[in-house]
Undergrad: 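Okay, handing you the structure first.
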Amino acid sequence: MFSFSPTARVRPSPFFDATVAEGLVAANVYNRMIMPTSYGNPEAEYWRLINGVSQWDVGVERQVQLKGPDAARLAQILSPRDLSTCAVGQGKYVPLCNHRGTIINDPILLKLADDLYWLSIADSDIWFWAGAIAAERGLNVEVSEPDVSPMALQGPKAEDVVAHVLGDWVRGLKYFWFRETEIQGIPVAVQRSGWSKQGGFEIYLKDGTKGTQLWNIFKEAGQPWGIGPGAPATAERTESGLVSVGGDTDDQTNPFEVRLGKYVDLDVADDVVGIKALRRIKAEGVKRHQLGIILDGDAPAPMGALPEAILRNGAVVGKMTNCVWSPRMQANIGYALISSAVPPGETVTVQRSAGPVTGRLVELPFL
Ligand code: THG
């Protein structure tokens with residue numbers, strides 16, 4: 001039985017009661033909200049994501065709403081990815097950088113109208129950032145946190161479940177495109193997205209009083225496909241090479257280091273935050289890169305006190321930023337943020353809490 005003392009500062013998501021009813025046993029805090037992480041059977045939750053369909057409370061993926069005549073300008077000023085071709089109904093994965101080119105968040109941007117955008121953010125307070133930049137630049141735009149909370153359906157059978165609830169049109173949605181609609185009178189936006197590479201959708205609930213009702217609609221609709229509760233899965237996302245900004249990155253990390261350079265357009269206007277630093281970093285060449293690391297050993301190892309130092313020939317060359325047992329690879333795997341002088345194929349030593357462990361560097365993704 002999971003128990004948490006809610007305060008005004010660490011909020012439950014609208015799906016919280018439903019997740020407790022599902023048997024929630026562990027949670028984390030993300031964007032100052034409770035993020036469910038486990039229902040007590042990580043192996044089953046993992047295989048359900050790989051082979052079936054998993055239902056996630058990801059209400060912590062909060063929306064930073066930009067509304068008004070200068071909403072599009074502000075969105076572009078915040079992001080070094082060119083947004084000029086983004087259509088209404090389209091989403092794009094956009095790194096956000098500070099003035100030094102350090103990545104501070106990696107939201108999905110949703111364009112709901114020419115004057116209305118959401119940044120569906122990872123874990124950092126972008127409302128303050130966006131509001132401050134809008135005010136300093138004299139922009140006519142309102143930055144707010146709307147009552148919007150995503151729920152994810154992930155896995156190879158997610159599409160069948162979502163189509164069963166909403167109709168076959170969802171099968172035609174392209175990646176990150178979305179549509180606003182209603183489910184039994186509940187207002188939602190439906191997007192092909194989610195923090196796994198197993199395919200699926202996110203249902204953005206637009207009425208926080210309807211969380212349990214929406215959860216149960218999908219729980220019931222998914223029974224024929226064996227739906228069950230889950231959460232963003234460290235093992236799957238690591239195998240798949242997805243980046244966790246704030247976990248895999250530090251206060252010096254630029255997008256090029258962590259394989260996000262393809263989402264940076266160096267020829268966006270000079271008023272884009274961080275673009276001058278990013279041009280300089282690109283011209284000088286990055287000093288670190290992100291690789292996978294496969295550790296020796298054939299039993300699950302503790303996560304450890306991350307990050308942990310990586311050594312080659314006795315010298316520290318980088319750090320391991322995450323570590324998890326991969327059920328499909330039958331090995332402990334993680335990410336290395338490591339000197340660009342150390343290529344894939346090299347053998348290195350990780351200074352783990354329990355002692356040194358040898359590992360081999362590989363290109364990401366693992367699978
Ligand atoms: N869904 C929603 N909001 C979110 C996340 C989400 N906010 C926080 C966090 N996740 C944002 N981070 C990511 C990181 C990666 C991806 C999505 C959100 C992702 N990347 C694909 C990849 O890297 O292969 C595709 C990117 C592309 O090529 O466009 O899906 O999950 N609502």
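Heavy-atom basis, side chains included; hydrogens, waters and symmetry copies ignored. When a ligand or atom number is given, it counts from 1 through the structure's own listing order.
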Undergrad: Check whether any N or O atom of Ser120, backbone or side chain, sits under 3.5 Å from an N or O atom of ligand 1, and answer yes or no.
TA: yes
Undergrad: Below 4.0 Å, non-hydrogen atoms only: which portion of Leu242 touches ligand 1? Side chain, backbone, both or neither.
TA: side chain
Undergrad: Check this for me: does any side-chain nitrogen of one of Glu159 and Arg192 sit under 4.0 Å from a carboxylate oxygen of the other?
TA: yes
Undergrad: Among all protein non-hydrogen atoms, which one is nearest to atom 22 (C) of ligand 1, and what is the separation to 0.1 Å?
TA: Lys197 NZ, 3.5 Å
Undergrad: Using a strict 4.0 Å threshold on nitrogen-to-oxygen distance, state whether Arg237 and Asp248 make a salt bridge.
TA: yes
Undergrad: Taking heavy atoms and a distance under 4.0 Å, where does Trp195 meet ligand 1: side chain, backbone, both or neither?
TA: both
Undergrad: Check contact between Gly194 and ligand 1, using heavy atoms of the residue and a distance below 4.0 angstrom.
TA: yes
Undergrad: Can a salt bridge be assigned to the pair Lys319 and Asp250 using a cut-off of 4.0 Å between side-chain N and carboxylate O?
TA: yes
Undergrad: How far is atom 32 (N) of ligand 1 from its nearest protein heavy atom, and which residue and atom is that?
TA: Tyr204 OH, 2.8 Å
Undergrad: Look at atom 16 (C) of ligand 1 and find which of Phe178, Trp118, Tyr93, Tyr263 reaches it with the closest heavy atom.
TA: Tyr93
Undergrad: Would you mind telling me if ligand 1 is within reach of the side chain of Asp106, the backbone, both or neither, using heavy atoms under 4.0 Å?
TA: both
Undergrad: Are Glu22 and Lys219 within salt-bridge range, i.e. N to O under 4.0 Å?
TA: yes
